[in-house]
Number of protein chains: 4
Amino acid sequence: MPTVTWSRLGADRRAAVVAAAEAEFAAHGFSRGSLNVIARRAGVAKGSLFQYFADKRDLYAHITEVGSQRVRRHMEDQIRRLDPSRPFFEFLTDLLDVWVAYFADHPRDRALHAAASFEVDTDARISVRAVIHRHYLQVLRPLVLDARGRGDLRPDADVDTLLSLLLMILPHLALAPYVRGIDPVLGLDELSPEQPALVVRRYVAVLSAAFAQPDHSPADRATHKGEQS
Amino acid sequence: MPTVTWSRLGADRRAAVVAAAEAEFAAHGFSRGSLNVIARRAGVAKGSLFQYFADKRDLYAHITEVGSQRVRRHMEDQIRRLDPSRPFFEFLTDLLDVWVAYFADHPRDRALHAAASFEVDTDARISVRAVIHRHYLQVLRPLVLDARGRGDLRPDADVDTLLSLLLMILPHLALAPYVRGIDPVLGLDELSPEQPALVVRRYVAVLSAAFAQPDHSPADRATHKGEQS
Amino acid sequence: MPTVTWSRLGADRRAAVVAAAEAEFAAHGFSRGSLNVIARRAGVAKGSLFQYFADKRDLYAHITEVGSQRVRRHMEDQIRRLDPSRPFFEFLTDLLDVWVAYFADHPRDRALHAAASFEVDTDARISVRAVIHRHYLQVLRPLVLDARGRGDLRPDADVDTLLSLLLMILPHLALAPYVRGIDPVLGLDELSPEQPALVVRRYVAVLSAAFAQPDHSPADRATHKGEQS
Amino acid sequence: MPTVTWSRLGADRRAAVVAAAEAEFAAHGFSRGSLNVIARRAGVAKGSLFQYFADKRDLYAHITEVGSQRVRRHMEDQIRRLDPSRPFFEFLTDLLDVWVAYFADHPRDRALHAAASFEVDTDARISVRAVIHRHYLQVLRPLVLDARGRGDLRPDADVDTLLSLLLMILPHLALAPYVRGIDPVLGLDELSPEQPALVVRRYVAVLSAAFAQPDHSPADRATHKGEQS
DNA sequence: AATGAATGAGCCTTCATTCAT
DNA sequence: AATGAATGAAGGCTCATTCAT
């Protein structure tokens with residue numbers, strides 16, 4: 001946790017430090033990211049960083065939290081806009097499109113997400129992933145539970161396994177188009193502009209087949225088919 | 001790629017280097033793994049490593065290849081033993097059980113797999129994952145295609161998406177019980193002995209619901225239930 | 001020397017600073033002791049320390065003075081209690097026992113004494129030892145001179161050399177049981193409870209043999225034996 | 001212990017490192033001594049020091065050993081020259097004179113001895129004092145035992161306490177004339193050229209009174225008196 | 001072909017002190 | 001009188017790579 005000194009700090013200085021740290025950790029991850037570089041680029045004495053944060057990990061955790069909140073805020077806005085009360089898999093499709101688009105437009109968030117995913121340092125990885133997973137689940141679980149409540153999912157649908165798959169699929173969709181070598185099957189990394197949208201639909205089709213209430217939502221299936229054609 | 005010098009090397013010396021490098025990279029990953037340590041433990045001059053491999057990355061790639069082949073060989077033996085011509089999802093369940101058991105019993109391979117998954121260095125990660133993914137797919141794709149051919153999968157099943165999901169699920173099952181902080185939903189990291197088996201069945205149930213030929217395999221469902229009891 | 005600001009300070013604040021500084025210097029000595037830590041633990045701004053004391057060394061000197069006075073006060077009480085008019089070497093034996101017991105019971109004073117003895121910084125060591133030696137001598141010299149006056153010491157006894165030896169023996173007895181590596185002969189550092197008492201008697205026996213008036217004190221020897229039984 | 005690399009090193013380079021390290025540790029002790037400075041002054045890369053020694057402590061231990069051996073060699077030569085078979089306290093007087101003279105002429109050894117005596121770091125102090133004490137005792141104990149064997153000491157003389165006192169007196173004589181603030185009684189630090197010799201005689205007189213065989217050595221006493229006059 | 005000594009930039013963190021508020 | 005943010009040098013140590021032998 002940042003120190004009180006940090007909280008009392010001028011907004012400019014704080015912004016400079018955050019910007020420099022985000023850039024550095026995005027570029028090299030936690031373990032390889034250099035406090036020297038961060039301090040230099042923020043125009044701040046090396047020692048000052050330690051007045052603001054207990055140590056490197058503390059700074060990294062803060063950066064992750066800030067970044068995650070930024071992404072989350074955006075997604076929650078979009079969720080409202082997309083109307084989460086619609087048939088679930090239709091809504092999910094749009095949501096994933098928005099998700100993919102966000103990371104396409106925000107390379108820094110993408111890089112931070114990647115850094116968190118690939119961190120070698122076990123403790124750093126644990127704490128940073130705890131933050132990210134918390135945000136993911138706080139957003140996704142209510143959506144999924146609502147959908148089941150509305151009858152969009154089978155009554156016996158294994159909600160946790162669905163969430164577990166979403167926790168794999170979402171980072172994959174965010175990163176695979178830009179990080180070569182992590183999607184050797186669906187070809188997200190040799191991207192043409194429409195490819196992510198296509199892949200989104202393929203994943204949703206699978207999830208729908210596995211979890212959707214078969215009789216319930218002819219609307220859903222209809223719309224879905226329509227989109228695919 | 002190893003140099004010619006490497007290929008002309010005595011088997012003992014080669015084995016010593018590989019063993020030392022596997023231990024080191026398994027313990028600390030690529031970025032943190034130390035060539036000094038490897039050379040010392042292999043009983044080889046530091047300079048010699050650079051006669052055998054272009055650089056650190058080259059050595060790492062070689063180690064990954066060797067390790068992947070070892071895992072692959074084991075899995076292919078097991079696949080034969082388990083009879084891949086059985087109903088697919090029944091077979092898949094057993095296969096994943098074997099997979100989980102293998103990594104439970106082989107901490108070094110687990111660590112190498114984790115190291116490859118979490119490598120920060122982008123280039124290293126890409127090349128190492130390319131190797132691993134190649135092996136995964138060379139084993140899995142024929143199995144899946146066969147299953148479809150036999151009618152265990154729906155005729156219109158999206159094989160690539162299935163493979164894509166398996167490529168997420170398999171590493172997850174291998175690592176999550178040991179690498180804290182990567183499974184916040186299903187609880188694989190607070191493991192009781194039977195938990196992995198349970199999680200395997202939950203994943204397979206989902207995949208089956210999504211991809212299995214519905215009419216075709218009452219056998220599948222039956223057997224599956226039988227196993228659970 | 002403390003500033004005037006210090007002397008005008010509220011007693012609470014002063015006590016807090018002294019307590020924090022004693023703890024810190026006792027734990028880490030002067031060179032390694034941290035003003036940051038002292039300020040934090042005293043609940044005082046870092047800058048304030050520099051309003052009270054010229055610099056780190058000045059604070060350290062003050063702490064030493066305070067600590068020395070505390071030890072001295074205790075010893076003077078004990079001296080009165082033990083009756084310094086008794087035969088000198090008998091009295092000295094009891095005094096050293098008390099001395100050893102005091103440092104056994106007061107780890108903070110022991111640590112401060114050790115810190116003063118082992119300080120690397122030459123200037124700090126000199127000033128701090130000057131303080132301690134002053135107290136030692138102000139207490140010991142009168143005792144020794146009285147003893148000579150009473151005829152417990154040979155008339156030609158070399159009082160200063162006796163004091164010089166006491167100035168070596170007293171710190172040694174205080175610290176050696178706790179600071180490993182300073183007593184390789186008598187084994188004070190691998191202490192059994194009775195060992196210090198034994199060592200005290202060995203030192204006193206030597207001093208007595210060297211300085212006592214031979215004819216004068218059959219009483220001394222007698223009493224001494226009596227105590228031992 | 002120095003590495004093999006160190007033992008294979010060219011004599012020049014080795015001498016340069018030792019010289020630089022002696023100077024630095026003599027000047028600032030172990031804790032404050034800087035490897036940066038040592039490397040720079042030895043004209044050697046910082047990293048090279050770590051090829052020669054496991055760590056800072058290892059280097060320090062080596063320097064201490066080298067220095068101690070130098071002092072010991074000198075003293076053993078002198079002991080032979082002074083004829084240790086002479087009456088013990090007469091011989092001891094000469095020995096201490098030589099000892100004082102050596103440290104008067106060798107400021108570096110004096111500083112190293114002081115550094116060892118005042119080291120704050122407990123582990124460093126222990127190991128470094130163990131070395132020094134070992135040398136002290138290996139030289140002194142045989143001399144004392146011989147003296148007792150020859151009848152120069154009382155048969156019941158407490159040899160270990162004598163050694164214990166010598167272990168306090170010798171460093172004191174070596175350092176007190178140069179390190180202000182450690183001898184507030186005998187005035188060794190406000191030195192006139194003849195003062196150390198005087199102090200030596202005062203200490204020897206005390207030790208003689210305490211430990212010498214009273215009847216045995218009229219020669220001893222005679223010589224002693226003669227010297228004093 | 002093998003060696004292994006040498007390199008020197010880089011790592012995170014601590015610290016006493018200053019000085020504007 | 002009190003604050004506490006800012007400083008930046010210095011600390012020990014690790015590392016992949018080079019190159020003369």
For atom [atom1] of [X] and atom [atom2] of [N], their distance in whole Å:
X: C:R32; N: F:dA10; atom1: CZ; atom2: P; answer: 18 Å
X: A:F53; N: E:dC12; atom1: CZ; atom2: P; answer: 15 Å
X: B:I38; N: F:dC15; atom1: CD1; atom2: C1'; answer: 12 Å
X: A:L59; N: E:dC12; atom1: CG; atom2: P; answer: 11 Å
X: B:Y60; N: F:dA16; atom1: OH; atom2: P; answer: 14 Å
X: D:F50; N: F:dT14; atom1: CZ; atom2: C1'; answer: 9 Å
X: A:H28; N: E:dC12; atom1: NE2; atom2: P; answer: 12 Å
X: D:E24; N: F:dA10; atom1: CD; atom2: P; answer: 12 Å

Specify whether A:W6 and A:Y52 have parallel, tilted or perpendicular ring planes, treating 30° as the upper limit for parallel and 60° as the lower limit for perpendicular.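 The rings of A:W6 and A:Y52 sit tilted, inter-plane angle from 30° to 60°.
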So does C:N36 get a side-chain nitrogen or oxygen closer than 4.0 Å to the phosphate oxygens (OP1/OP2) of E:dC15?
->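 For E:dC15, OP1/OP2 do not have a side-chain N/O of C:N36 under 4.0 Å.
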Next on the checklist: Strictly below 4.0 Å: does B:S34 bring a side-chain N or O up to OP1 or OP2 of F:dT14?
Outcome noted: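 For F:dT14, neither OP1 nor OP2 has a side-chain N or O of B:S34 closer than 4.0 Å.
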When rounded to the nearest 0.5 angstrom, what distance separates [atom1] in [X] from [atom2] in [Y]?
X: B:L35; Y: B:F25; atom1: CG; atom2: CZ; value: 6.0 Å
X: B:I63; Y: B:F30; atom1: CD1; atom2: CZ; value: 12.0 Å
X: D:T5; Y: D:R8; atom1: OG1; atom2: CZ; value: 5.5 Å

Treating [X] as the side-chain partner and [Y] as the backbone partner, does any N or O pair qualify as donor plus acceptor under 3.5 Å?
X: D:R41; Y: D:A21; value: no
X: D:R125; Y: D:E119; value: yes
X: D:E24; Y: D:G33; value: no

Self-check item: DNA chain F: stems of at least 3 consecutive Watson-Crick or G-U pairs whose donor-acceptor distances fall under 3.5 Å
Solution: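 If one scans DNA chain F for consecutive Watson-Crick or G-U pairs, the stems found are E:2-21 with F:2-21.
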- Query: Of the non-hydrogen atoms in C:A23 and C:R108, which two are nearest, and what is the gap between them?
  - Reply: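 Where C:A23 meets C:R108 most closely, the heavy atoms are CB-NH2, 4.1 Å.
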Check your understanding: C:S68 and C:I132: which non-hydrogen atoms are nearest, and at how many Å?
Key ->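 For C:S68 versus C:I132, the nearest heavy atoms are OG-CG1, 3.7 Å.
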Under a 4.0 Å heavy-atom criterion, the protein footprint on nucleotides 2-9 of chain E, written with B, S and -, is BBBSBBB-
- Relative to the 5' end of DNA chain F, which residue comes earlier, D:G33 or B:R57, by the nucleotide with the nearest heavy atom?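 The residue mapped nearer the 5' terminus is D:G33.
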Q: Check every strand shown and say whether C:G10 touches a base, only sugar-phosphate, or nothing at a heavy-atom separation below 4.0 Å.
A: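 Nothing, no heavy atom under 4.0 Å.
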